[in-house]
Amino acid sequence: MRRRSAAVVVALLRPRAAAAGQLDVAYRTVASPGGPLLLAATGRGVVRVAF
């Protein structure tokens, strides 16, 4: 059995969970001039920005 990285699994599952209405909060890190940021969002908008 081939091992998959967590990022690959998330990339496969996120669209399926969203389409099924099972995605509560999506999050990711992004680069910024002040360093990496953690962004979290729901269907209604951004709920968290952390550094």
Side-chain angles (χ1 to χ4, degrees):
M1 183 173 166
R2 196 171 81 192
R3 291 183 61 159
R4 294 186 184 190
S5 71
V8 171
V9 173
V10 169
L12 292 171
L13 294 179
R14 183 181 295 139
R16 293 179 187 177
Q22 297 176 337
L23 186 63
D24 294 327
V25 178
Y27 65 93
R28 66 174 291 178
T29 57
V30 296
S32 78
L37 295 177
L38 174 69
L39 302 177
T42 69
R44 298 186 71 179
V46 175
V47 294
R48 173 98 174 164
V49 176
F51 55 94

Show me the donor-acceptor pairs, under 3.5 Å and distance only, between side chains in residues 6-19 and residues at least two apart or in other chains.
none

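Minimum interatomic distance between T42 and V25 (heavy atoms only, all atoms of both residues): CG2-CG2, 3.9 Å.
Grouped with L38 in one hydrophobic cluster are Y27, the linkage being side-chain heavy-atom contacts under 4.5 Å among Ile, Leu, Val, Met, Phe, Trp and Tyr residues. Annotation for L37: hydrophobic cluster partners, listed by chain and number, are V30, L39, V46, V49, F51 (ILVMFWY side-chain heavy atoms under 4.5 Å, direct or chained).
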